[in-house]
**Q** 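Have a look at the structure that comes next, please.
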2 protein chains.
Amino acid sequence: MDDTDRTLVGLLLQDATRSYAALGDAVGLSAGAAHERVRKLRAGGVIRRTTVDVDPAALGQGVLAFVLVDSSAWMGDSAEAFAAVPEIQEAHVIAGSASVLVKVRTSTTERLQDVLRRLYDIPGVSGTQATVVLETFFERPPDPHSPA
Amino acid sequence: MDDTDRTLVGLLLQDATRSYAALGDAVGLSAGAAHERVRKLRAGGVIRRTTVDVDPAALGQGVLAFVLVDSSAWMGDSAEAFAAVPEIQEAHVIAGSASVLVKVRTSTTERLQDVLRRLYDIPGVSGTQATVVLETFFERPPDPHSPA
DNA sequence: CTTGAAAGTCGCTCCGG
DNA sequence: CCGGAGCGACTTTCAAG
């Protein structure tokens with residue numbers, strides 16, 4: 001994982017339809033060498049898959065909310081229970097007063113309420129605290145060049 | 001946007017390298033018809049771009065945190081200020097006691113602390129409250145078939 | 001919407017250096 | 001790592017039903 005690899009990842013994040021010839025040009029390598037590097041990035045799990053960036057609003061999911069889930073029991077094995085709710089896009093176990101933080105997308109706030117209700121069906125869930133997003137400034141992929 | 005379109009989007013979310021012939025087979029259409037539908041989904045902004053799914057940990061960004069940002073002023077025009085911090089992956093204006101919620105990825109908690117310090121450099125920011133993620137259950141794209 | 005065909009591009013793999 | 005050569009597959013567009 002040198003800086004050339006990071007640049008390749010950055011280019012693919014912007015547009016994964018680039019040809020290997022174009023990738024090579026951008027980093028000063030031949031198409032074959034660029035191809036080999038990308039192949040290794042995929043094999044090594046850095047690049048998981050080629051996918052598509054979808055506008056949630058265009059799919060009718062214009063409401064975004066983050067929900068803090070309180071629990072009265074250990075939630076470390078509840079991943080599938082959260083995954084079973086299709087409106088939940090992310091679920092994280094967190095440090096702090098709450099136990100789990102989930103990111104939810106729905107069409108309306110009524111639907112959001114419905115998701116909250118379903119959260120209570122998950123064993124151990126004792127409470128929820130929803131925060132509705134008014135405006136999303138941006139959502140972007142990780143920066144491969146981030147100093148971090 | 002009928003159900004066939006949603007299925008096409010779902011297939012492309014899983015693997016955007018699928019050929020139009022394979023897409024057509026999956027939904028019972030010819031390759032040409034599938035191609036035309038996907039073209040329209042792109043033109044209509046439903047599909048924004050073809051990209052790549054990257055493992056943040058493989059990029060050295062193993063620490064994930066959500067930060068509630070309190071403010072003493074209107075933050076509606078501060079999108080660029082947040083975007084200028086590369087470790088910030090998402091920034092949302094929220095309803096509730098805090099003003100902005102940001103999602104941050106760094107290599108270490110020390111780096112996270114550094115990001116928090118930079119947040120205070122943004123005009124209007126009066127406080128932060130960071131929640132560190134202990135384990136991510138899952139992160140996935142929106143479900144195009146979600147009843148929403 | 002279908003089938004079929006054409007032309008161009010690219011993926012992918014091989015080689016020799 | 002480079003350059004080039006080669007084959008197969010895919011994209012993209014078109015016509016005609």
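Numbered from 1 within each chain, the chains take letters A, B, ... in sequence-line order.
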**Q** Between A:S78 (side chain only) and A:A81 (backbone N and O only), is there a donor and an acceptor less than 3.5 Å apart?
**A**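 Such a contact is absent between A:S78 side chain and A:A81 backbone.
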
**Q** Does B:Q113 have more than 12 heavy atoms from other residues, nucleotides or ligands lying within 6.0 Å of its CD?
**A**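 No, because the 6.0 Å sphere around CD of B:Q113 holds 12 heavy atoms or fewer from other groups.
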
**Q** Give me the first and last nucleotide of DNA chain D, going 5' to 3', that has any atom under 4.0 Å from a heavy atom of chain A.
**A** D:dC1 to D:dG3

**Q** Using the ring-ring contact (aromatic ring centres under 6.0 Å, His included) rule, collect all pairs that involve residues 2-61 of chain B, keeping only residues at least two apart or in two chains.
**A**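 Sorted pair list: B:Y20-B:H35.
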
**Q** Hey, does A:L11 have a side-chain heavy atom less than 4.5 Å from the side chain of A:R18?
**A**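 Counting from C-beta outward, A:R18 and A:L11 do come under 4.5 Å.
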
**Q** Does A:D5 have any side-chain contact (heavy atoms from CB on, under 4.5 Å) partners at least two apart in sequence or in another chain, and if so, which?
**A**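 In terms of side-chain contact (heavy atoms from CB on, under 4.5 Å), with neighbours along the sequence ignored, A:D5 is linked to A:M1, A:D2, A:L8, A:R37, A:L41.
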
**Q** By side-chain contact (heavy atoms from CB on, under 4.5 Å), which residues pair with A:F138, not counting sequence neighbours?
**A** A:R140, B:F82, B:A83, B:I88, B:A91

**Q** Between A:V100 and A:I94, is there shared hydrophobic-cluster membership here, with clusters defined by ILVMFWY side-chain heavy atoms closer than 4.5 Å?
**A** no

**Q** Would you mind reading off the distance between A:E36 atom CD and C:dC14 atom P, rounded to a whole angstrom?
**A** 12 Å

**Q** Output the residues of residues 7-22 of chain A in contact with DNA chain D, where contact means a heavy atom of the residue under 4.0 Å from an atom of the strand; sort by number or write none.
**A**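 None, since no heavy atom is under 4.0 Å.
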
**Q** So what does B:G24 hit on the nucleic acid, given a heavy-atom distance under 4.0 Å: a base, only sugar-phosphate, or nothing?
**A** nothing

**Q** Using a heavy-atom distance cut-off of less than 4.0 Å, which residues of residues 38-52 of chain A contact DNA chain C?
**A** none

**Q** Less than 4.0 Å between a side-chain N and a carboxylate O, is that true for B:K103 and A:E90?
**A** yes

**Q** Would you call A:R111 and A:D114 a salt bridge, taking side-chain N to carboxylate O under 4.0 Å as the test?
**A**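 Looking at A:D114 together with A:R111, the answer is no, because their closest N to O distance does not fall below 4.0 Å.
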
**Q** Roughly how far, to the nearest 0.5 Å, is the OG atom of B:S99 from the CG atom of B:L68?
**A**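 If I round to the nearest 0.5 Å, the distance is 9.5 Å.
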
